[in-house]
Amino acid sequence: MMNFGEIEQKWQKKWFDSRIYEAKKQKGKKFFIHFAYPGISGYLHVGHMRGFTYADIIARYKRMLGYDVIFPAGFHATGLPAVSLAKKVARKDKEILKYLRQNSCPEDVIKKLEDPIEVVKYFSRIYVEDYWKKFGFLIDYTRLMDTVSDGYKKFIQWQFRKLNEKKLLIQKPHFAPYCPNCGPVAVDKSETDVSEGGDAEILEFVVIKFRFEDKILPAATLRPETIFGVTNMWVNDEEEYIIAKIGDEKWILSEKAVSKLKYQVDDIEVVGKIHGKEIVRKKCFAPIINKNVPIFPAKFANPDIATGIVMSVPAHAPYDYIALRDIGMPVEPIVIINVSGYEVPAKEIVEKMGIKSQEDFEKLEEATQIIYKEEFHAGTMNEECNDFKGMKVNDAKEKIKNEMLKNNIATIMREFSKRVVCRCGEEVIIRKIPKQWFIKYSDEILTHESKEWAKKMNIYPKEYKEELPKILEWYGDRACIRQGSWLGTPFPFDEKWVIEPISDSTLYPTYYIISKYVNEGKIKADEMDDKFFDYVFLGNGKAKNGIWKEIREEFEYWYPVDINLGGKEHKTVHFPVFIMNHVAIMPEKFFPKGIFVNWWITQKEGMKISKSKGGAEPIPDASEKYGVDALRLYYAHVGSPFVDVEWDGEVVEQYKKRIFRIWSLFENLLEMEGEESKIDEWVISSFNEKIKIAREAMKEYELRKASNAIFFEIYNLMNWYIKRGGKNKRLINELLKKWVRAMAPFTPHIAEEMWEKLGGKNFVSLEEFPEYGDINPSILKAEELLIKTMDDIDEIKKVAKIEPEKIYIYLAPKWKWDILDIAVSLEKNGELTMKNLMNEVKKMNVNMKEASQYAGKIIQEVKKEKFIRIDEKEYFENALDFLKKEFNAEFRIYGEEECYDPANKRKFAMPYKPAIYME
RNA sequence: GCGAGGGUAGCCAAGCCAGGUCCAAGGCGACAGACUCAAGAUCUGUUGGCGUAGGCCAUCGCCGGUUCAAAUCCGGCCCCUCGCACCA
């Protein structure tokens with residue numbers, strides 16, 4: 001039994017010792033492929049290998065087509081993940097230590113991982129040695145790089161100066177999560193920075209200013225359009241409120257609100273206190289509707305939420321309705337939105353759901369959601385709403401908000417949808433950054449040019465090609481720098497800030513050209529100034545030395561990128577900025593040519609296999625258990641690249657078996673010693689057909705279709721060849737050499753091993769992908785006829801329950817083929833009708849009754865199938881021995897001649913469909 | 001909400017763009033047989049229903065339409081999944 005592990009190691013050593021992965025300018029045609037480099041966030045899992053494997057298969061395929069292939073890779077070290085891992089190690093987080101140990105990280109390394117840079121170094125090595133090399137990837141390992149090296153930082157700074165020159169860097173206010181202790185934090189589902197509330201959203205409350213004596217009662221709402229239905233205000237009479245001076249206004253709001261707003265408005269100053277009791281039972285003045293409304297006490301006016309002051313819209317807010325009912329309905333609800341199925345929506349839903357009191361939070365929340373959805377999507381503003389009458393609620397909401405903001409009746413307060421707590425224990429708030437730097441992706445010219453370019457690109461799948469222009473249109477300005485303890489490049493115009501990780505990963509494929517020279521020590525970061533990058537990437541200025549010139553030549557040879565391959569998570573972030581930055585900075589001849597998006601390997605129940613949460617099989621375990629070639633074939637073949645696939649070890653096991661089977665068929669074929677036979681012709685055509693399918697599929701990177709032809713269809717046809725008595729040693733050898741070369745991009749280790757057994761001298765990885773020769777359709781058709789006839793015989797045996805000793809095959813007479821020919825040529829001219837056909841048939845010397853019956857039958861058939869005239873008699877005669885053996889019976893094949901026909905079957909014979917009688 | 005994708009046999013998953021070769025590839029599972037003391041592995045066959053002659057009927061989320069012909073094209077409906085920005 002073969003040992004996958006040994007074979008893998010043997011060939012990997014040979015490949016890497018011979019450095020066959022190095023990109024060299026030799027053949028004058030090149031192919032540049034890379035995958036979106038992985039973030040350094042810990043160990044990867046089997047899911048990640050899907051995309052990487054696609055890239056390697058495509059790179060290997062292109063190499064075998066005679067391209068100079070450059071397939072570089074690097075590491076995205078910037079941003080949070082490495083820092084977060086280092087922090088966890090530093091604070092001896094039990095989970096992280098367990099995780100490291102489970103993945104056999106040595107103790108002395110664990111100690112070092114308190115330093116984020118060590119994290120980057122350690123995991124870079126793991127990715128290369130344990131994942132990529134173990135999978136046999138022919139990545140150009142001389143070009144490895146990461147995003148925190150000195151040279152890379154110089155490159156990014158150059159890029160930002162270019163963006164600035166193009167007027168694509170702008171400043172404007174921005175609101176971002178912030179911890180008063182730790183500074184800026186990331187609020188995301190991975191919860192690396194926060195210990196609670198990672199899924200919180202930033203809500204924009206509209207704060208509407210109600211006049212109260214000489215002060216302002218700021219009511220916070222998410223539904224500004226309901227201002228028209230306000231009947232009263234709610235203030236909590238068990239709470240003390242703050243009086244704060246904002247600008248020249250005096251606001252009454254909760255203490256919590258003041259502490260939040262301090263981070264969002266410029267000048268806010270506490271000037272006094274006022275208890276809720278002193279406010280309730282008085283009146284305040286509502287803007288827009290311009291009338292006085294009473295202020296009532298309410299416990300649900302929560303000081304923790306927004307301003308702590310709430311306006312009451314009892315017709316449309318279940319909370320308000322029920323609170324008013326509790327205190328005896330001192331005011332009548334004012335309905336302002338018409339929505340079918342409701343008169344007074346809040347009242348009716350409260351009654352329908354049987355909500356008893358203000359304490360029934362869960363039901364009230366649900367009721368609020370239901371009413372909001374129905375009103376927002378299906379409601380219209382009614383006659384209470386002045387100028388907004390008749391407008392759809394979702395339009396009116398924006399318009400009313402903007403009008404109030406414009407007239408200084410309202411302002412915006414931002415708040416999380418739920419409590420967010422920093423890892424340090426402090427509550428995270430939202431802070432205004434007055435002059436945040438953005439990359440101006442909204443720029444009209446840039447957007448337009450990017451969209452135009454995207455239309456010319458090769459983008460897979462095609463659905464994404466159609467989606468991409470819309471994403472480019474939608475893509476807004478991106479805050480591109482931030483402060484805090486992140487890894488990254490200092491922003492060149494303000495070095496206290498660091499460029500954030502999406503923005504530093506857009507033009508990076510260009511850097512793979514330079515990284516080789518950096519790695520070889522031929523150029524130092526110090527030397528890489530703007531003149532250097534201007535010269536190398538833009539061709540501006542002069543080369544300072546020979547190395548500069550060499551790098552420029554390399555760049556011109558390899559660029560642009562032909563395929564950037566990445567997971568579907570990149571669809572709305574990385575890929576758009578990848579295109580836009582190239583369009584913004586590079587000359588058109590270097591704009592990227594293609595994008596390939598792959599979907600994920602998921603865990604059961606559709607969950608993404610998460611890096612942080614582990615769960616899936618670690619890569620080293622999986623490659624040992626199943627073998628790398630089995631895994632590679634699994635990724636290529638298990639499903640369309642454009643759907644998520646659920647990880648299932650059992651399935652990979654099947655691919656392992658498939659490889660065993662191919663291996664043992666290969667060995668059987670090698671041992672065959674025989675001469676030519678009739679079936680040889682068929683196997684040649686059939687084999688060529690499969691290679692053709694594979695080649696054409698690969699043109700569109702349809703790895704699944706190609707691998708299906710190579711690993712399944714060819715396997716089947718070789719078996720059939722043997723079954724049909726094929727054993728031509730010379731031919732088998734020739735086909736095996738082609739077959740093994742066709743396998744090589746997908747399962748390179750096993751292919752090399754086979755290639756060696758076939759006497760191949762060089763690496764099969766460096767051979768040419770097989771060409772296909774002539775495909776003779778009549779032979780394929782004839783064999784298909786034979787197989788179908790065999791099926792029919794089986795069917796008859798089964799239904800009639802007989803075990804025949806003699807089988808009679810009656811082939812269609814010549815005149816039926818002649819009529820068929822006529823029908824086919826009529827069909828070609830679009831003139832195939834019964835009448836036209838019979839006019840022609842009349843000219844022939846045949847039995848008109850039989851002929852007309854037959855003509856009627858074939859009219860339908862001719863429209864479906866392509867008919868090629870084949871010599872059925874000859875083909876069956878040649879297969880006679882085979883048929884006898886298969887059915888253990890005597891055969892008689894009858895053409896036109898007189899024959900034995902006791903059941904009168906002969907008249908049913910049609911082209912491709914012989915009549916059968918057995919006894 | 002905005003944007004995108006999907007629903008195929010017991011299960012996974014092709015086919016759909018370019019309608020007919022679809023009684024729907026391939027795999028898993030199940031059943032039967034071969035090999036074996038046995039189990040496993042492997043190999044062969046069967047796996048929607050009916051059928052004593054190769055046939056007939058049904059099926060691709062649901063309803064309708066176009067067509068000689070629909071899993072495939074068009075319209076409507078139901079259900080599911082994903083992304084929505086400072087997280088990579």
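In the text below, chain A, chain B and the rest are named by the order of the sequence lines, each starting its count at 1.
Judged by distance alone, the side chain of A:Ser503 and the main-chain N or O of A:Ile499 form no donor-acceptor pair under 3.5 Å.
With a cut-off of 3.5 Å on both Watson-Crick or G-U wobble distances, the partner of B:A18 is given as none. Under the Watson-Crick or G-U wobble criterion, with both distances below 3.5 Å, B:G40 is left unpaired in every strand shown. With a cut-off of 3.5 Å on both pairing distances, the Watson-Crick or G-U wobble partner of B:C31 is B:G45. Checking B:A71 for Watson-Crick or G-U wobble geometry (two distances, each under 3.5 Å) identifies no partner in any strand. Across the strands present, B:A4 finds its partner in B:U81; the criterion is a Watson-Crick or G-U wobble pair with both atom distances under 3.5 angstrom. Nucleotide B:C23 has no partner under the Watson-Crick or G-U criteria, as no pair reaches both atom distances under 3.5 Å.
In this structure A:Arg414 satisfies the salt bridge (charged side-chain N to carboxylate O under 4.0 Å, His left out) test together with A:Glu204, sequence neighbours excluded. In this structure A:Phe52 satisfies the ring-ring contact (aromatic ring centres under 6.0 Å, His included) test together with A:Phe35, A:Trp132, sequence neighbours excluded. Scored by the side chain to side chain contact (heavy atoms under 4.5 Å, CB included) test, A:Gln654 finds A:Lys657 as partners (sequence neighbours excluded).
Spacing between atom CG of A:Asp901 and atom C1' of B:A53 amounts to 13 Å, rounded to whole angstrom units. Spacing between atom CG of A:Asn708 and atom P of B:G15 amounts to 10 Å, rounded to whole angstrom units.
Between A:Tyr808 and A:Tyr900, the angle of the ring planes lies from 30° to 60°, which puts this pair in the tilted group. Using the six-membered ring where Trp is involved, A:Phe4 and A:Phe660 have ring planes that are tilted, between 30° and 60° apart. Aromatic ring pairs are classed by plane angle as parallel below 30°, tilted from 30° to 60° and perpendicular above 60°; the pair A:Phe642 and A:Phe596 is tilted. Ring geometry for A:Tyr508 versus A:His574: interplanar angle of 30 to 60°, hence tilted.
Comparing the same atom, C1', in B:A25 and in B:C73 gives a spacing of 23 Å after rounding to whole Å. Of the C1' atoms belonging to B:C60 and B:A24, the separation is 8 Å, rounded to the nearest Å. For the P atom pair drawn from B:A71 and B:C62, the interatomic distance equals 12 Å after rounding to whole Å. For B:A13 and B:G6, the P atoms lie 13 Å apart once the distance is rounded to whole Å.
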At a cut-off of 3.5 Å, list every protein nitrogen or oxygen paired with a nitrogen or oxygen from nucleotides 42-46 of chain B, distance to 0.1 Å.
unit_1 : atom_1 : unit_2   : atom_2 : d
B:C43  : OP1    : A:Arg661 : NE     : 2.9

Close N/O contacts between protein and nucleotides 55-60 of chain B (under 3.5 Å):
none

Check the interface with nucleotides 11-13 of chain B: list each N/O to N/O pair with the protein under 3.5 Å, or write none.
unit_1 : atom_1 : unit_2   : atom_2 : d
B:A13  : O2'    : A:Arg704 : NH2    : 3.4

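Of the candidate nucleotides B:G51, B:G54, B:A88, B:G51 has the atom lying nearest to any side-chain atom of A:Val799. Distance from the side chain of A:Arg478 is smallest for B:C86 among the nucleotides B:A88, B:C17, B:C86. Residue A:Arg658 places its side chain closer to B:G27 than to any other of B:G54, B:G27, B:G5.
Base contact: A:Tyr917 has a heavy atom under 4.0 Å from a base atom. At a threshold of 4.0 angstrom between heavy atoms, the contacts of A:Ala915 include nucleobase atoms, whether or not backbone atoms are also involved.
Side-chain contact annotation: A:Thr78 with A:Asp504, donor-acceptor N/O pair under 3.5 Å present. If you check the side chains of A:Glu783 and A:Trp720, you find a donor sitting under 3.5 Å from an acceptor.
By the 5.5 angstrom centroid cut-off and the 30-degree plane limit, A:Phe908 is classified as not stacked against the base of B:G54.
Minimum interatomic distance between A:Cys480 and A:Leu169 (heavy atoms only, all atoms of both residues): SG-CD2, 4.4 Å.
Between A:Lys470 and B:A4 there is a side-chain N or O to OP1 or OP2 distance below 4.0 Å.
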* **Working for side chain to side chain donor-acceptor pair (under 3.5 Å), residues A:Ser442 and A:Tyr475** => CA-CA 7 Å; A:Ser442 67; A:Tyr475 209 96; over 6 Å; no

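Counting heavy-atom neighbours within 6.0 Å of A:Arg892 CZ, excluding the residue itself, gives a total of 12 or less.
For the pair A:Gly476 and A:Ile916, nearest-nucleotide mapping onto RNA chain B gives the more 5' position to A:Ile916.
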